[in-house]
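Both counts, for ligands and for their atoms, begin at 1 and track the order of listing.
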Amino acid sequence: MKTPSDAGNSATVAEAPLQARATFTSSLGVLAATLGSAVGLGNIWKFPALTGLNGGAAFVMLYLLCVILIGMPVMWAELTIGRNSRANTVAAFQKLAPKTPWYLIGVSGVVSAVLIMGFYTVVCGWIYAYIFRAATGALAVPPEQTVEVFNALYTSPIQPIVWQWIVLAVTSAIVMAGVTKGIEAATKRLMPLLFLLLLICDIRALTLPGASEGLSFLLKPDLSKITAPTVLAAMGLAFFKLSLGMGCMVTYGSYINKNENLIKNTGKVVAADTTVSLLAGLAIFPAVFAFGYEPTSGPSLLFITIPAVFRSMPLGGLFCFLFFVLAAVAATGAMISLIEVPVAYLTERFGWKRNLATLATALSMALLGVGAALSSSLLSEFKIIGRTLFDTYDFVTSNVLLPVGGIFIALFVGWKWRQAAIAENGGATAAINAFTVFLRFVAPIAITLVLLQGLGIIRF
Ligand code: PFF
């Protein structure tokens with residue numbers, strides 16, 4: 001994966017307010033970076049957890065609809081804003097619409113990135129912990145006991161914090177050092193390997209006795225399961241999954257060369273990312289039903305089913321270890337793009353060195369994240385409107401801030417900045433015309449209605 005921290009490495013340099021600005025050097029680099037941001041815990045942890053909690057196939061259908069109707073045009077809009085402005089997400093709007101409040105979209109993006117990292121680092125920490133559990137054989141327990149193994153970690157008041165800080169240290173070290181060619185090359189190779197391992201899991205899970213029930217849970221929609229909060233959860237997941245509504249793709253777009261085709265890149269990222277989510281679902285749900293787990297287990301689903309699936313196959317221990325290593329790689333790639341949002345802002349706004357900006361962000365995260373890390377132990381009773389801090393960070397970002405960001409990004413590109421957006425993409429084509437219509441009408445109206453319904457502010 002290439003990230004902006006490659007600055008200087010054979011990069012073409014474009015103008016930027018305070019520092020030389022790097023650009024990704026190839027289409028593959030652009031794809032790897034944007035995909036590296038999109039693919040992460042959202043696919044292997046959040047997608048299955050929400051699908052299980054919200055009734056299965058009907059939720060998957062809604063999710064796909066949101067990805068196509070809202071996710072794709074908004075991703076294109078963000079990449080276009082970034083590439084044209086060549087600035088961090090706050091400065092981008094200041095540049096394109098000076099002396100207007102549009103820059104608040106960027107401010108909300110920086111806040112969202114920080115809140116998402118608050119709980120993302122916790123789950124990422126569970127994954128890191130599972131690498132060690134898999135390596136030491138601690139996951140080699142009978143399928144019905146994998147729940148207890150997870151609970152021991154989940155409810156510990158110490159371990160989640162320690163792992164969270166390790167995640168922050170690892171991510172900051174990578175961001176500070178710049179992603180070296182080695183890591184970049186390794187990530188490019190490891191991603192297809194994650195894909196392959198998911199396929200192996202799928203084959204194993206689908207051939208378990210009793211797997212077909214899981215398959216129909218995932219594929220046969222029961223429309224009675226659709227409620228307003230379900231639709232909001234599906235839309236929130238689409239934003240979270242594709243790293244949208246918070247300027248992450250604006251930031252990455254600012255490192256993209258003029259000759260790249262942003263529409264094509266959007267299509268490829270969305271297709272690849274959705275495939276990874278569906279493969280994860282296919283690995284998890286057949287096993288849920290085969291081993292008699294509850295599909296509604298939420299956050300623990302991944303951690304109880306995957307070890308159980310691997311347990312029942314030859315070389316399962318090794319595969320399980322590899323699976324969590326690759327999950328950690330995917331999660332760390334997404335973390336890098338999250339941290340990049342405040343880091344790009346701090347370096348360009350205040351002229352801070354990259355190291356200082358990264359350190360400041362990581363330290364703030366270490367403090368803010370503790371609340372989420374303790375949400376399943378010491379702070380389990382501390383609730384804000386019925387939600388723990390972990391759930392609050394998650395809910396407020398995916399189900400409020402990202403969709404609201406999405407509305408304004410759609411309005412900005414659809415109405416205020418439309419001609420420039422079209423010119424930035426080399427003139428109108430059928431795809432661009434379709435995207436701009438979606439941005440003008442479909443996305444803002446749909447997001448607003450889903451949001452107001454889902455939050456219970458209006459009822460039809
Ligand atoms: N898209 C990432 C995932 O699905 O795991 C999470 C994410 C990364 C969200 C970057 C937002 C973001 F800016």
Side-chain angles (χ1 to χ4, degrees), residues 1 3-4 32-51 63 66-67 71 74-75 78-79 81-82 88-90 92 105-106 108-127 167 171 175 191 194 198 233-255 266 269-270 272-281 299 302 326-345 361 365 393-406 409:
M1 174 182 32
T3 85
T34 39
L35 199 58
S37 167
V39 173
L41 295 174
N43 310 69
I44 45 184
W45 166 72
K46 208 171 199 222
F47 173 81
L50 285 180
T51 302
Y63 170 71
C66 292
V67 162
V74 172
M75 181 178 287
E78 285 202 26
L79 292 175
I81 292 171
N88 68 77
T89 183
V90 178
I105 302 175
S108 151
V110 176
V111 173
S112 303
V114 169
L115 289 179
I116 291 178
M117 280 190 278
F119 74 91
Y120 208 86
T121 46
V122 177
V123 185
C124 208
W126 297 341
I127 301 261
V167 168
T171 318
V175 173
M191 281 298 127
L194 176 67
L198 274 175
M235 188 177 77
L237 179 63
F239 275 100
F240 179 87
K241 262 294 348 81
L242 299 172
S243 314
L244 299 176
M246 49 163 287
C248 182
M249 289 297 166
V250 171
T251 309
Y252 268 23
S254 74
Y255 305 113
T266 300
V269 172
V270 170
D273 180 72
T274 308
T275 310
V276 175
S277 296
L278 294 174
L279 286 181
L302 170 76
L326 296 172
V329 171
T332 308
M335 259 301 288
I336 289 173
S337 73
L338 272 165
I339 229 176
E340 184 64 24
V341 175
V343 167
Y345 172 68
T361 310
M365 291 319 312
Y393 293 166
D394 183 2
F395 184 85
V396 168
T397 48
S398 282
N399 291 6
V400 183
L401 289 177
L402 304 190
V404 170
I409 289 165

request  = Heavy-atom distances under 4.0 Å are what count here, so tell me which part of Met246 touches ligand 1: side chain, backbone, both or neither.
outcome  = side chain
key: Interatomic distance, Met117 atom CE to Thr361 atom OG1 [nearest 0.5 angstrom]   = 6.5 Å
request  = Would you check if the side chain of Tyr252 reaches a backbone N or O of Glu340 as a donor-acceptor pair within less than 3.5 Å?
outcome  = no
note = Heavy-atom proximity to atom 2 (C) of ligand 1, picking from Gly40, Gly42, Ser398, Ser37, points to Ser37
ask   = Looking at Ala38, which atoms of ligand 1 are within less than 4.0 Å of one of its heavy atoms?
value = 1 (N), 2 (C), 3 (C), 4 (O)
inquiry  = Give the atom numbers and elements of ligand 1 that come within less than 4.0 Å of a heavy atom of Leu338.
reply    = 8 (C), 10 (C), 11 (C), 12 (C), 13 (F)
task = Return yes when Ala113 approaches ligand 1 closer than 4.0 angstrom through a heavy atom, no otherwise.
result = no
Numbered atoms of ligand 1 (with element) below 4.0 Å of Leu41, judged on heavy atoms = 5 (O)
key: For atom 4 (O) of ligand 1, the protein heavy atom that lies nearest, with its residue and separation   = Lys241 NZ, 2.5 Å
key: Pairwise distance CG(Asp273) to CG(Leu278) - rounded to 0.5 angstrom   = 9.5 Å
query = So which protein heavy atom does atom 8 (C) of ligand 1 come closest to, and at what separation?
reply = Ser243 OG, 3.4 Å
query = How long is the gap from OG on Ser243 to CG on Leu402, to the nearest 0.5 Å?
reply = 9.5 Å
task = Output yes when a side-chain donor or acceptor of Ser398 lies under 3.5 Å from a complementary backbone atom of Phe395, and no otherwise.
result = no
remark   = Among Trp45, Phe47, Phe240, Tyr120, closest by heavy atom to atom 9 (C) of ligand 1 is Phe240
request  = Report the distance from atom CD1 of Ile81 to atom CD1 of Ile105, rounding to the nearest 0.5 Å.
outcome  = 6.5 Å
request  = Look at the rings of Phe119 and Phe240 and say which category their plane angle falls in: under 30° parallel, 30 to 60° tilted, over 60° perpendicular.
outcome  = parallel
